[in-house]
Protein chains: 2
Amino acid sequence: MYSNELVRGTLKTIILQLLGEKDKMYGYELSKLVRERTKDKIVLTEGALYPILHKLEKEKLVTTIQEVVGNRPRKYYMLTSNGKESAKEKRNELLEFVETLRSLMDPKPSLSCSF
Amino acid sequence: MYSNELVRGTLKTIILQLLGEKDKMYGYELSKLVRERTKDKIVLTEGALYPILHKLEKEKLVTTIQEVVGNRPRKYYMLTSNGKESAKEKRNELLEFVETLRSLMDPKPSLSCSF
DNA sequence: TACATATACCTAATGTTCTTATGTATAAGC
DNA sequence: GCTTATACATAAGAACATTAGGTATATGTA
């Protein structure tokens, strides 16, 4: 599992991206999906997950539908059209950022000249 | 420039990496180098930079030498052997993390079957 | 000469984000 | 009956970076 500080800041983008891949998803499902897709390397804890979802809802990037499945309440989250827009933007930003990081991590040997 | 939350958490790794590329570097130099190498897409502000450097020093990942250049004090930072070790580890972790992110951002279309 | 900009360091208050811990409740497996 | 899984939620606290402030020298320019 990656150190927390690394994951920090990427969770919102990850959630928006995953929500964009299905019609609707609920919190617990998102949490499991992230663990599954990253082989537990990224763990979306509940204390992080729910506040983010609530914030996205407040920002009107997602809407919700409550259902009861097998006697347990379930809250589905869906991207609004603004949310879809935002998901695309954040995805692009993340991919660009990742490229920038890779180029930074590509060691530039200090210029040396053998002449 | 990338949103702050994205950069958050990667700065320590970036600093260790850059320090590993030269014998010694001072804060202001690091700050300029990051801006230069990332074309201002990642900005290492002083309020972030100096606390990180001081923390690295406390953790004995770097040592310092103070010099006076042109009447201005300058504090050079150098990786210790622990620091070099840590720089490698953090670099690897970051590169792995970045790969995980990319695979997450690679949209998995919901399984549909045309039969 | 006065002023702005660049160099070079530093810290404190603040805000955001996430961790850790806790709480509630149902269902299923042993 | 106990543990684990499902499913939601919040609150205290830590960690990290932003913003804003402070000090001081050197350089370019109007």
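Worth saying up front: this structure is predicted, and the values here are computed from it rather than measured. Order of the sequence lines fixes the chain letters, A, B, ..., with proteins taken first and strands second; residue numbering starts at 1 for each chain.
- In this structure, B:R72 reaches the bases: a heavy-atom distance under 4.0 Å links it to at least one base atom across the strands shown.
- Atom P of nucleotide C:dT19 and atom CG of A:L44 are separated by 9 Å, given to the nearest angstrom.
- Side-chain contact between A:M105 and B:K90: absent, with no pair of heavy atoms (C-beta onward) separated by less than 4.5 Å.
- Taking only distance into account, the side chain of B:R8 never meets the base of C:dT17 through a donor-acceptor pair shorter than 3.5 Å.
- Taking 3.5 Å as the limit, the base of D:dC8 and the side chain of A:E46 contain a donor-acceptor pair of atoms between them.
- Side-chain proximity of A:L11 to the nucleotides D:dA17, C:dC18, C:dT26 is greatest for C:dC18.
- Each of D:dA9, D:dA17, C:dC9 was ranked by its minimum atom distance to the side chain of A:Y77; first place goes to D:dA9.
- The A:K32 side chain lies nearest to D:dT6 when the options are C:dT26, D:dA7, D:dT6.
- Dashed line: the shortest gap from a side-chain N or O of A:H54 to OP1 or OP2 of D:dC8 is not under 4.0 Å.
- Side-chain nitrogen and oxygen atoms of A:Y26 include none within less than 4.0 Å of the OP1 or OP2 phosphate oxygen of D:dC8.
- A:G47 comes within 4.0 angstrom of a nucleotide base, judged by non-hydrogen atoms across all strands.
- Regarding B:I52, its CD1 atom lies at a distance of 15 Å from the P atom of C:dC9, rounded to whole Å.
- Rounded to whole Å, the distance from CG on B:L53 to P on C:dC9 is 9 Å.
- A:K12 comes within contact range of no nucleotide atom at all, as no heavy-atom separation falls under 4.0 Å.
- A:K41 and B:E93 are not joined by a salt bridge, as no carboxylate oxygen comes within less than 4.0 angstrom of a charged side-chain nitrogen.
- Looking at the side chain of B:P51, the nearest of the listed nucleotides C:dT11, C:dC9, D:dA26 is C:dT11.
- Residues A:E57 and A:L53 have side chains not in contact (no heavy-atom distance under 4.5 Å, counting atoms from C-beta outward).
- Side-chain nitrogen and oxygen atoms of A:N71 include none within less than 4.0 Å of the OP1 or OP2 phosphate oxygen of C:dT26.
- For the pair B:V7 and B:L44, the minimum side-chain heavy-atom distance is 4.5 Å or more.
- For B:Y28, counting side-chain heavy atoms from C-beta on, the closest listed nucleotide (C:dA8, D:dA26, C:dC18) is C:dA8.
- The CZ-P distance, from B:R35 to C:dA8, rounds to 15 Å in whole Å.
- Between A:R102 and A:E99, at least one side-chain nitrogen of the basic residue sits less than 4.0 Å from a carboxylate oxygen of the acidic one, meeting the salt-bridge criterion.
- Between the CG atom of B:L49 and the P atom of D:dT18 there is a distance of 11 Å, rounded to whole Å.
- In this structure, A:Y50 places its OH atom 13 Å from C1' of C:dT24, rounding to the nearest Å.
- Between A:T45 and C:dT19 there is a side-chain N or O to OP1 or OP2 distance below 4.0 Å.
- Annotation: of the two residues near DNA chain C, A:K55 and A:G70, the 5′-most nearest-nucleotide partner is A:K55.
- Toward the 5' end of DNA chain C, the nearer of the two residues A:G9 and B:E29, judged by each one's closest nucleotide, is B:E29.
- In terms of heavy-atom proximity, A:Y50 sits nearest to A:Y28 at OH-N, 3.9 Å.
- The CG atom of A:L33 sits 17 Å away from the C1' atom of D:dA5 (whole-angstrom rounding).
- In this structure, CD of B:Q66 is placed 7 Å from P of C:dC10, rounded to the nearest angstrom.
- Heavy-atom nearest nucleotides on DNA chain D were determined for A:E5 and for A:A48, and the one closer to the 5' end corresponds to A:A48.
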